[in-house]
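In what follows, a structure is listed as structure tokens, so that the remarks can point back to it.
Everything quoted here is computed from the prediction, not taken from an experiment. Order of listing sets the numbers, starting from 1, for every ligand and every atom in it.
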Amino acid sequence: MKIIIVDDDESLRLHLSKALNRRGHYSLAVSNGNEAIIKLRNEPFDAAVIDIQMMGKDGFQVLQELKEIHPQLIGVMLTGHGSISSAVEATKLGAYDYLTKPCDISELETVLKKGFHGVIRAMKPFKEIYHGIVGKSTEIKNIIRIINKVKDSPLPALICGETGVGKELAARALHYDSKRSKHQFVAINCASLKTDLLENEFFGHVKGAFTGATEVKDGIVKIADKGTLFIDEIADMNPSIQASLLRFIEIGTFRPIGSLKECKVDVRIIAAVNRSIEKEVEEKKFRHDLYYRLNVCRIDISPLRERKEDIPLLLDYFLASKISADNSKITITPDARKLLTSCSWLGNVRELFHVMERATLALEDNPTITADIIKSVLPVQKTPYSKSLSGISLDSVEKVSILDNLKINNWNVTRTAKILGIDRRTLQRKIARYGLRE
Ligand SMILES: Nc1ncnc2c1ncn2[C@@H]1O[C@H](COP(=O)(O)OP(=O)(O)OP(=O)(O)O)[C@@H](O)[C@H]1O
Ligand SMILES: [Mg+2]
């Protein structure tokens with residue numbers, strides 16, 4: 001199995017990693033959630049062993065983000081004594097199981113293997129799944145057909161579609177189903193980096209290139225050699241880098257910052273945009289010649305509301321990926337399905353999965369997601385008809401109200417408490433009582 005270990009305790013993570021490797025697995029140890037996210041985007045893993053209490057993002061938050069990249073990932077949480085009340089709670093938060101520290105390596109291996117076989121079993125009914133892409137609509141079938149046609153082409157690919165439609169998923173499928181799959185899939189987001197940093201990220205620099213450049217740094221173009229470079233939100237790329245990228249695509253060479261020497265690499269470029277790139281070209285914000293180069297293998301992913309027949313399948317897939325060691329199964333009523341199918345999903349599949357995630361969190365003793373639960377977790381404007389609270393317990397209403405307001409306020413407890421009209425300590429108690437997490 002391929003396992004990633006996330007723990008800020010260095011000796012523990014290295015110990016676990018070595019022990020798992022000795023047992024014939026491939027494991028990798030990282031010290032925090034962000035590193036884990038980068039690794040998981042770059043290569044697929046079967047399971048993650050995650051410490052719950054870490055500096056920065058806590059374990060469940062890390063698990064949630066990892067599962068967004070790879071929903072079938074088996075999450076085994078490591079906890080200190082008594083920090084989590086039950087396996088049910090861990091399962092609700094997306095974990096397969098949890099072990100108390102110090103954990104016994106044989107026990108960990110047994111849990112991981114059981115989880116692995118469980119996932120294989122749970123995913124068996126999904127014949128329509130292609131590298132994580134689920135769907136039976138003609139649109140999805142067409143996308144899979146195009147991916148198969150262009151996956152081994154050296155030409156750039158351009159993936160277009162609204163937020164959350166699965167552009168990155170398609171990009172990874174293009175890479176992992178190609179001859180390049182043994183090499184790196186490197187992702188970079190143009191919207192999240194400033195221009196000078198972006199140039200440096202792309203092409204790297206030589207020693208002494210600028211103040212502070214005390215060491216040589218390879219750019220991602222070099223790291224992705226023989227593999228794939230996924231450039232996300234390319235429409236946000238600054239014109240000066242657009243020029244360097246165009247040059248790189250045209251002649252296949254680049255110059256690290258401060259270097260006079262041309263470097264040659266073999267990289268497949270996949271770019272993604274979530275708004276009309278043609279409009280950017282028209283408004284002269286995006287170079288026409290670069291657009292022309294990128295727009296060779298084009299994949300358009302339509303919004304979820306235009307392929308509603310995929311929704312039931314996506315729901316089944318979401319629920320199947322919620323497997324847990326205690327075999328608890330979450331089901332969904334036909335009414336809830338109908339309601340979910342009628343929404344417009346401006347955030348597409350990502351939003352659908354988030355709503356399902358919140359519905360799972362709102363479950364109490366009965367593991368059935370009903371239409372009422374869905375209504376209580378749907379953002380108000382998404383509910384197709386006026387929201388009635390009849391039949392919903394006060395506790396559920398309170399929980400959802402707290403969760404919604406926390407999210408809107410970026411989990412700022414002071415501000416949220418003010419809006420809810422309660423004091424900070426009361427809010428903190430309620431957050432703990434409902435087990436809410438960012
Ligand atoms: N057809 C699909 N089958 C299964 N999961 C999907 C599908 N489409 C999207 N997802 C899931 O939805 C989430 C969002 O997908 P992804 O990150 O690929 O979207 P995106 O188009 O890159 O969005 P953004 O523009 O916001 O970056 C991921 O968890 C992904 O696994
Ligand atoms: Mg994306």
Side-chain angles (χ1 to χ4, degrees), residues 37-38 40-42 44-45 48 61-73 75 94 119 122-123 125-147 157-177 185-193 228-237 270-277 280 298-322 340 343 345-358 360:
I37 290 160
I38 293 170
L40 204 81
R41 278 176 121 178
N42 293 353
F45 283 86
Q61 195 185 342
V62 174
L63 177 66
Q64 209 174 7
E65 288 181 32
L66 294 181
K67 282 213 134 194
E68 178 154 341
I69 304 170
H70 182 36
Q72 299 110 294
L73 186 81
V119 167
M123 290 301 145
F126 293 90
K127 301 205 171 53
E128 289 98 345
I129 185 166
Y130 169 76
H131 286 270
I133 304 176
V134 176
K136 58 176 181 179
S137 58
T138 23
E139 285 89 345
I140 289 291
K141 282 186 187 148
N142 200 24
I143 285 161
I144 296 173
R145 197 181 50 79
I146 300 174
I147 293 178
L158 180 64
I159 308 178
C160 307
E162 288 179 8
T163 181
V165 284
K167 295 185 294 295
E168 183 162 343
L169 200 59
R172 281 204 301 264
L174 260 175
H175 173 79
Y176 288 113
D177 206 21
F185 174 90
V186 185
I188 186 161
N189 189 315
C190 298
S192 65
L193 287 169
T228 302
L229 177 59
F230 175 57
I231 311 175
D232 207 357
E233 304 200 36
I234 197 162
D236 288 316
M237 190 182 243
I270 303 177
V273 270
N274 58 22
R275 54 176 193 264
S276 161
I277 190 162
E280 306 290 313
R298 162 102 173 213
I299 301 174
D300 283 290
I301 309 184
S302 46
L304 190 56
R305 62 186 166 281
E306 287 171 19
R307 45 180 171 97
K308 288 202 162 172
E309 62 268 48
D310 288 337
I311 294 180
L313 205 60
L314 285 164
L315 292 176
D316 290 336
Y317 173 72
F318 176 89
L319 293 174
S321 68
K322 280 244 162 257
L340 287 163
C343 295
W345 301 119
L346 296 182
N348 296 291
V349 184
R350 179 184 297 117
E351 192 186 16
L352 173 71
F353 284 0
H354 279 177
V355 164
M356 286 297 285
E357 201 69 64
R358 293 171 63 195
T360 316

Tell me which residues fall inside the under-4.0 Å heavy-atom shell around ligand 1. Glu68, Gly132, Ile133, Val134, Glu162, Thr163, Gly164, Val165, Gly166, Lys167, Glu168, Leu169, Asn274, Leu314, Tyr317, Val349, Arg350, Phe353

For the pair Ile231 and Cys190, evaluate side-chain contact (heavy atoms from CB on, under 4.5 Å) and give the outcome as yes or no after the intermediate values. CA-CA 7 Å; Ile231 311 175; Cys190 298; 3.4 Å; yes

So does Glu357 pair up with Lys322, basic N to acidic O under 4.0 Å? yes

Report the C-alpha distance between Glu162 and Asn274 in whole Å, list the side-chain angles of each, state the deciding distance to 0.1 Å, and finish with yes or no for side chain to side chain donor-acceptor pair (under 3.5 Å). CA-CA 5 Å; Glu162 288 179 8; Asn274 58 22; over 6 Å; no

Take Ile69 and Ile37 through the test side-chain contact (heavy atoms from CB on, under 4.5 Å) and record every step on the way to the result. CA-CA 8 Å; Ile69 304 170; Ile37 290 160; 3.8 Å; yes

Hey, what do you get for CG (Leu313) to CZ (Arg307), rounding to the nearest 0.5 Å? 11.0 Å

Ring pair (Phe, Tyr, Trp, His ring centres under 6.0 Å) partners of Phe318, counting only residues at least two apart: Phe353

